Amino acid sequence: MLIAIILDNYVPQTWFTGWLRIGWYVAAYLPVGLPVLKEAVENIVKGEVFSEFLLMSIATLGAFAIGEYPEGVAVMLFYSVGEVFQTLAVKRAKTNIKTLLDQRPDEVTVLRNNQAIMLKAETVSIGDIIQLRAGEKLGLDGALLSETASFNTAALTGESNPDTKTKGETVLAGMINLNVVSQVKVTAAYSDSKLSRILELVQNASAQKAPTELFIRKFAKIYTPIVVVLGVVICLLPYFFVETYVFSQWLYRALIFLVISCPCALVISIPLGYFGGIGAASKNGILFKGSNFLDTMSTIKNVVMDKTGTMTEGVFKVQEVNLKPDFNRDEILNMVNALESQSTHPVATAISQFVGAIDTDITLNNVEEISGHGLKAEINGKELLVGNFRLLNKFSVQYDVDPASIVHTVIAISYDRKFAGYLTIADSIKEDAQLTIDTLKQLGVNITMLSGDKSSVVQFVAQKLGIKNAFGDLLPEDKVNKVKEIKAQNETVAFVGDGVNDAPVVALSDVGIAMGGLGSDATIETADVVIQDDRPSKIPTAIAIGKQTKRIVWQNISLAFGVKVVVLILGAGGLATMWEAVFADVGVALLAILNAVRIQRMKF
């Protein structure tokens, strides 16, 4: 096309005319025009007669009919360039998502006839046994065959603490084996693993259209036939009113009108804007199930959140050690640690993490677990009790504290029939919880905390974080009623929780957000947005991405309509050529595409 334009306008010659010139432009037109003509015909066959492809086909073939070959080629060429930009943008967004999510190795070691063989992960069958060495990443979902194994699940949940699994428990693709060689029986095909499902879910999220996108699609269906009729009117009607009517002149104006009117910029850039938003969110560890939720997140006025696992770690930790001065602190803690090592309770894990390695010099005798109370043992011929205050009451040990005045879970200790003191165990607040609350307040979002935990604990966490509305001791139906009260004020509500126990509230809210939803199939199904790394600070990030996506989409709509209106007026007056029309259509589409992909480069 460029060579033809140079020969037409800048190189003096006499041979580039007639069929040679026409053939040259046709050769330039076919590679870019045929796919569009084919699409127009296929749409007509399907019953979708009036599409942007039909508009462009009429405009470009019409341009050839009146001898405006360069313009005819230019329309299709720039449209094709726009399509390439769109394809690259979508591919880049999908790559971002895949890089973020697909944590699986390409090959795995499978045991067959007691022989370890390396196989491509996608060729492994259900029932095969994978051998996983220390430091290796699991390639498929399965059940652990080894007695115990510790896994780093940070790639899936963002949790840095090792997760110890026991025989028969589910282990997921992407988890890293930390210590001993383990064996895993495959329970799901490579393409059916949880990671594959989430990956597919997000890449297909554009199927859930945002209201703006749906409006533009509907608008284009009504708008296109009107434009075609107006094009015919512009071409033929002046015959009855203009004395010096020249058909080719008015046909050219009609073709300009058709090219300008083509809704390419809107049809391409708006879905791409939303897809870019989904890609940007995925890059930040936030999985949106559809562009409609991006739109809703941008208008959220209330965030209602669960406490455990959302604002707190969901992992017990020792908060306070309160021991009598008559007792040696290190000695008592070591004895408590040794005794608690006999238990599988989460409290035992918290004490073990706090105290450290077990003192092997301590000998335990007559260890007894008293259900609902705690543990009892003899050390050096003296009785050691570790449990709740009911345990001390049972053995008639006197103490001088009021258990009701202590907010957290209490582990009372008695040694040699004397009250030695207590430890408090609590679910610690996430390190970015405070930042989350502060940022949400800056965005003008109202925050409410709802929990089934006891009120004293809920109020303690709420007070620390500066949350005014906090309610504890709630049943699922109580949570539903609280959310209904907020919705009664005609305000949008996002609920943040685990998406399973709180399914009724998730269904009721405008957007259901799940924290670390990779842990549960049900969560993936029920939540609209999944925060992959369990960090609550991603809630305001999701709102910010929603707002930015909406801003970019409306910038594109304004740009497309603004330029089109100006060039349409110029075209109707005969002041705009096909080149201006090309810019008003595909030029604006290109600018809109470049604007849409900007969001993927933004820092949130």
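Note that the structure is a prediction, hence the values are computed from the model and not measured.
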Counterpart residues, side-chain contact (heavy atoms from CB on, under 4.5 Å), relative to Ala189 (two or more places apart): Ser191, Asp192

For Ser558 and Gln555, test the side chains for any donor-to-acceptor distance below 3.5 angstrom and give the result as yes or no. no

Under the 3.5 angstrom rule, does the side chain of Lys165 hit a backbone N or O of Ala143 as a donor-acceptor pair? no

Any side-chain heavy-atom pair of Val445 and Lys301 under 4.5 Å: no

Please examine the side chains of Ile543 and Lys538, heavy atoms only from C-beta on, and report whether any two atoms are closer than 4.5 Å. no

Given Val304 and Ser509, is the side-chain contact (heavy atoms from CB on, under 4.5 Å) satisfied, shown in steps? CA-CA 9 Å; Val304 179; Ser509 58; over 6 Å; no

Among side-chain atoms of Tyr274 and Asn292, is any donor-acceptor pair under 3.5 angstrom? no

Between the main-chain N or O of Thr299 and the side-chain N or O of Thr492, is there a donor-acceptor pair closer than 3.5 Å? yes

Sub-3.5 Å donor-acceptor pair from the side chain of Thr310 to the main-chain atoms of Lys307, do we have one? no

Give me the atom names and distance for the closest heavy-atom approach of Ile545 to Ile599. O-CD1, 4.1 Å

Which distance, rounded to the nearest 0.5 Å, do you find between the CD of Glu313 and the CD1 of Ile429? 10.0 Å

Looking at Arg535 and Asp432, does any basic side-chain N land under 4.0 Å from a carboxylate oxygen? yes

For the residue pair Asn302 and Glu491, confirm or rule out a side-chain donor-acceptor distance under 3.5 Å. yes

Glu136 side chain to Arg133 backbone, donor-acceptor under 3.5 Å: yes

If we only count heavy atoms from C-beta on, is the Gln353 to Thr349 side-chain gap below 4.5 Å? yes

Identify the heavy atoms of Ile467 and Ile447 that sit nearest to each other, and give their distance. CG2-O, 3.9 Å

Electrostatic pair Asp128:Arg112 at N-O distance under 4.0 angstrom: yes

Between Glu320 and Val318 (side chain of the first, backbone of the second, donor and acceptor by atom type, cut-off under 3.5 Å), is there such a pair? no

Heavy-atom distance under 4.5 Å between the side chains of Asn446 and Lys468, does that happen here? no

State, yes or no, whether a side-chain contact exists between Leu423 and Val410 at a heavy-atom distance under 4.5 Å. no

Determine the minimum heavy-atom distance between Leu287 and Ser282, stating which atoms define it. CD2-OG, 4.3 Å

When rounded to the nearest 0.5 angstrom, what is the spacing between NZ in Lys430 and CG in Leu435? 13.5 Å

Yes or no on side-chain contact (heavy atoms from CB on, under 4.5 Å) for Leu450 and Thr448, after CA distance, side-chain angles and deciding distance? CA-CA 7 Å; Leu450 305 178; Thr448 304; 3.9 Å; yes

Which atom pair, heavy atoms only, marks the closest approach of Gly139 to Val108? CA-CG1, 3.9 Å

Within the side chain of Asn177, is there an N or O that forms a donor-acceptor pair under 3.5 Å with the backbone of Leu132? yes

With a 4.5 Å heavy-atom cut-off, do Asp141 and Thr170 have their side chains touching? no

Can you confirm whether the side chains of Gln434 and Asp438 place a donor and an acceptor under 3.5 Å from each other? yes

When you measure from the side chain of Ser352 to the backbone of Ala348, do you find a donor-acceptor pair of N or O atoms at a distance under 3.5 Å? no

side-chain contact (heavy atoms from CB on, under 4.5 Å) assessment of Phe151 paired with Leu178: CA-CA 5 Å; Phe151 291 90; Leu178 290 177; 5.6 Å; no

Over 12 foreign heavy atoms within 6.0 Å of NZ, Lys487: yes

Asn388 (side chain) donor-acceptor with Ile411 (main chain) under 3.5 angstrom: no

Tell me, please, whether Phe471 has Lys482 positioned over its six-membered ring: NZ or CZ under 6.0 Å from the ring centre and within 45 degrees of its axis? yes

Is it true that, when you exclude Lys464 itself, more than 12 heavy atoms of the residues, nucleotides or ligands shown sit nearer than 6.0 Å to its NZ? no

Does Ser537 reach the side chain of Thr439, with side-chain heavy atoms less than 4.5 Å apart? no

Interatomic distance, Ser146 atom OG to Gln183 atom CD [nearest 0.5 angstrom]: 5.5 Å

Distance from Leu465 atom CG to Met305 atom CE, nearest 0.5 Å? 8.5 Å

For residues Phe460 and Val407, report the shortest heavy-atom separation together with the two atoms involved. CB-CG1, 3.7 Å

Roughly how far apart are Lys550 NZ and Ser291 OG, rounded to 0.5 Å? 12.0 Å

Before accepting this row, confirm whether a basic side-chain N of the pair Asp306/Lys479 lies closer than 4.0 Å to the acidic partner's carboxylate O. yes

For atom CD of Gln463, decide whether the heavy atoms of other residues, nucleotides or ligands shown that lie under 6.0 angstrom number more than 12. no

CA sep, side-chain torsions, deciding dist, call: Ile300, Val303, side-chain contact (heavy atoms from CB on, under 4.5 Å): CA-CA 7 Å; Ile300 287 297; Val303 169; 4.0 Å; yes

Find the distance between OH (Tyr190) and OG1 (Thr123) and round it off to the nearest 0.5 Å. 10.5 Å

Are the side chains of Ile513 and Asp528 in touch, meaning some heavy atoms are under 4.5 Å apart? no

Test item: Asn284 side-chain N/O and Ala280 main-chain N/O as donor-acceptor pair under 3.5 Å: yes

Minimum heavy-atom distance Leu443-Pro540, with the two atoms named: CD1-CB, 4.0 Å

If we ignore angles and hydrogens, is there a donor and acceptor under 3.5 Å between the side chains of Thr164 and Ser150? yes

